[in-house]
Amino acid sequence: MSCLKEQFDELRKIYPDEIKDAMVLPLLQMTLKAKGHLVESDALYIADYLELPAMQVKEAMTWYSMLYRTPVGKHVVKVCRSVACSLRGEQRIVAHISKKLGIKPGETTADNKFTLLEVECLASCGTAPMMQINDTYHEDLTEAKIDQILEALQ
Amino acid sequence: MNGHRVFFTFDITEDCHTLDAYKKRGGYEALAKVLKDGLQPADVQAEVAASGLRGRGGAGFPTATKWSFLAKNSPVYYLVCNADEGEPGTFKDRWIFEHTPHNLIEGMVLASYAINSRHSFIYIRGEFDLSYKRLMTALKEAYAAGLVGKNIMGSDFSCDIIVQQGGGAYVCGEESSLLSSIEGKKGYPKNKPPFPAVKGLFQAPTCVNNVETLSVLPWILRNGGAKYAEYGTEKNKGTRLFGISGHVKRPGMYEREVGYPYKKMIYEDCGGILGDKALKAVIPGGNSTPILKPEQIENLTMDIEAVAAQGSMLGSGGVIVIAEGTCIPTLLQVMTRFYAHESCGQCTPCREGTTWMNQIVTRIAKGQGKAGDIENLERIAKGIMGNTVCALGAAAAMPVQSYLKQFRHEFEYFIEHGRSMCDGRLEI
């Protein structure tokens, strides 16, 4: 936590004290980045650091879908399942990745390398179908392109 | 008409997002003109009013009028840029972040000056990666060059821009929900009134503008509001970024003057329908806008009033094209699943209604529909409409109502025969 606290202190310089509540989400995101997923004690630590009610931070931590509260694999594969991607073959793409990794959406491979998720719109509709692996967008997907991307990560 | 561009004025190169490249195409000239020529905030507001600019986030409210609603004589004002682009079909803000982020930063500083905001926020979608990186790099460049921060360009005006990343919630694109999120809470929408212009972020008067809206401001201040008002239609000025997706040969981002014909966009610019199939339907302005049939877009132009006259909305300008052979009940299942997933849970009609609608539509799409399902869907949608704190409820109800109205026979067939008229196809 001590190295996280340094990062927290660094960020705190940007925020005037009267709007310190605005740091809740950034601090949760920083913690997530450092630890992979969040647990209740993370929320309590942040609440303590910002001198805010614990429930405020716990509510935020449990409400946002990107704040994972269970362990995920090294590579989180998120396939967009909203309208434009659906029209361009999202189901075909998910089936292909599922087969390739041997897991269903929502699952993590036994070696903890990949987690497969179906997510809502990632604002890449003009280049559908698409997926995001960790932070990187992969657009205009084909089966061959997926094979290439996944093999490079193996 | 139709040749004018505000954004698509430069080649997309590896470095077109940098400060150098932006300055070479006239970047920050507008800011210099405002701050060095001693233009007052009221002058900036007047120029924007003259341009006739209407917000590009979806509602289409006149920008200068929105600014004028801010409560007077407050010690603190906030400007917030809504960059939580999450409406399926919409991807225009990303284009700005990735190719010309300084456009937004200059626009932010201009708007902050106009409304006297000392700390301004950009609330950007948490999933955006390249957009976020380019924005942060650009912001760093702008700070180093004295274009943001203390005494901008040597003037008396100071403004910091704070970037907040979202947590993956669609509802945070709704302005009051976005403010809740910045305030470190779950992104629950707030009751209005009071409107953000009176009591917004941290209880101070706040103006929330879209990325595209703010990014147009440098052009308007540099070339004059009157020049901008020459483009577009009588009530809808300027150009807009239109994102076209779905079953077209060349989907993507297009900038056109407001009032451009849908058919021309679909058949000429986007190369027509995949596989040269017939057109089945068009969603004219993002996921939630009521679906239109081909005959309704025959002479339809892309402007707010024209689309409204057909019973739909231009919204965020995200056009989704659907080819003949697509199964509409299955497509509605994708839609209802989205809203059931994204409802924030605060209002009972929306929380329960979106889930219930999704359960019924999913059952129909599995071939297990029952007599009375259609009527139940209509009843639930009606029960949600107008009975929620924010517009997500209406956004969920509108597709259900319009799909049932426009393609009722497909739902009836699915329920009666236990199978789709189009084999449940979404991909063509």
Side-chain angles (χ1 to χ4, degrees), chain A residues 11 14-16 18-30 32 46-47 50 52 55-68 78 80-93 118-130 132 134-137 140, chain B residues 85-94 119 121 125-133 160 162 164-170 172 181-188 201-202 243-247 251-253 283 287 318 320-323 326 330-331 334-335 337-338 341-342 344-345 426-428:
Chain A
L11 190 74
I14 303 175
Y15 290 80
E18 61 273 22
I19 60 167
K20 66 178 181 189
D21 295 42
M23 290 182 68
V24 170
L25 210 48
L27 296 189
L28 284 166
Q29 284 156 339
M30 270 182 176
L32 178 74
I46 291 169
L50 291 175
L52 292 175
M55 186 47 79
Q56 184 183 334
V57 185
K58 278 203 272 185
E59 275 191 351
M61 185 180 88
T62 52
W63 192 82
Y64 294 94
S65 66
M66 286 176 73
L67 302 177
Y68 304 131
K78 299 176 182 175
C80 172
R81 66 174 187 183
S82 286
V83 57
C85 286
S86 289
L87 293 170
R88 307 281 295 207
E90 179 264 343
Q91 285 181 331
R92 177 168 50 83
I93 298 298
E118 283 181 291
V119 299
E120 299 304 342
C121 190
L122 288 170
S124 188
C125 316
T127 41
M130 65 82 66
Q132 183 178 25
N134 297 337
D135 292 333
T136 312
Y137 274 41
D140 289 314
Chain B
E85 180 160 65
E87 172 85 355
T90 312
F91 47 100
K92 64 191 176 64
D93 298 347
R94 252 187 78 201
H119 288 94
F121 287 82
R125 250 195 104 161
E127 288 93 337
F128 282 174
D129 178 47
L130 185 60
S131 295
Y132 178 71
K133 283 183 184 151
D160 282 303
I162 299 174
Q164 295 273 115
Q165 284 182 290
Y170 167 72
C172 287
S181 184
I182 296 180
E183 288 166 352
K185 302 175 197 139
K186 50 188 175 184
Y188 273 5
L201 191 62
F202 298 109
I244 322 291
S245 60
H247 296 146
M253 185 56 57
I283 302 172
N287 214 39
I320 304 163
V321 179
I322 297 157
T326 308
T330 307
L331 188 63
V334 172
M335 299 273 184
R337 184 179 63 194
F338 175 81
H341 184 269
E342 299 296 343
C344 79
L426 290 180
E427 195 181 7
I428 294 299

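Keep in mind the model is a prediction, meaning the values are calculated, not measured. Below, read A as the first sequence line, B as the second, and so on, with proteins coming before strands; counting in each chain starts at 1.
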Spacing of [X] atom [atom1] and [Y] atom [atom2] [to the nearest 0.5 Å]:
X         : Y         : atom1 : atom2 : answer
Tyr170(B) : Ser82(A)  : OH    : OG    : 9.5 Å
Thr127(A) : Met253(B) : OG1   : CE    : 9.5 Å
Met61(A)  : Lys186(B) : CE    : NZ    : 13.0 Å
Leu331(B) : Leu87(A)  : CG    : CG    : 5.5 Å

Chain A contact via [X] - side chain, backbone, both or neither, heavy atoms under 4.5 Å:
X         : result
Ile428(B) : backbone
Phe338(B) : both
Thr326(B) : side chain
Ser131(B) : neither
Glu85(B)  : both
His341(B) : side chain
Cys172(B) : side chain

Taking all non-hydrogen atoms of both residues, which atom of [X] and which atom of [Y] are closest, and how far apart?
X         : Y         : result
Tyr137(A) : Glu127(B) : CE1-O, 3.6 Å
Trp63(A)  : Gly187(B) : CZ3-N, 3.2 Å
Val83(A)  : Ile320(B) : CG1-CD1, 3.5 Å
Cys125(A) : Gly89(B)  : SG-N, 3.1 Å
Leu426(B) : Ser86(A)  : CB-O, 3.6 Å
Tyr64(A)  : Lys185(B) : OH-O, 2.6 Å

* Asked: Of all of Ala323(B), Gly246(B), Gly243(B), which one pairs up most often with chain A through heavy atoms under 4.5 Å apart?
  ->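 The option with the most such pairs is Gly246(B).
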* Report yes if the side chains of Leu122(A) and Arg125(B) come closer than 4.5 Å at any heavy-atom pair, otherwise no. =>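 Answer yes - side chains close enough.
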* Check for a donor-acceptor pair, side chain of Ser245(B) on one end and backbone N or O of Ala84(A) on the other, with a separation under 3.5 Å. =>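 A pair under 3.5 Å: no.
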* Asked: Does the Arg337(B) side chain pair with the main chain of Arg81(A), one donor and one acceptor, at a distance under 3.5 Å?
  ->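 Indeed, once roles are kept as given, a pair shorter than 3.5 Å links the two residues.
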* For chain B, which of Glu59(A), Arg88(A), Gln56(A) has the most heavy-atom pairs under 4.5 Å? ->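 Most pairs with chain B among the choices: Arg88(A).
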* Between Cys85(A), Ser124(A), Ala128(A), which residue shows the highest count of heavy-atom pairs closer than 4.5 Å to chain B? -> Ser124(A)
* Which region of Gln132(A), side chain (C-beta onward) or backbone (N, CA, C, O), has a non-hydrogen atom less than 4.5 Å from a non-hydrogen atom of chain B, or is it both or neither? -> side chain
Using a 3.5 Å cut-off and no angle test, enumerate the donor-acceptor pairs between side-chain atoms of residues 18-29 of chain A and protein atoms at least two apart in sequence or in another chain.
unit_1: Lys20(A); atom_1: NZ; unit_2: Leu50(A); atom_2: O; d: 3.0
unit_1: Gln29(A); atom_1: NE2; unit_2: Gln165(B); atom_2: O; d: 2.9
unit_1: Gln29(A); atom_1: NE2; unit_2: Gly166(B); atom_2: O; d: 2.9

* Should the pair Tyr15(A) and Phe121(B) be assigned to parallel (<30°), tilted (30 to 60°) or perpendicular (>60°) ring geometry? -> tilted
* **His119(B): side chain to side chain contact (heavy atoms under 4.5 Å, CB included) partners, not counting sequence neighbours** => Pro16(A), Tyr78(B), Asp160(B), Ile162(B)
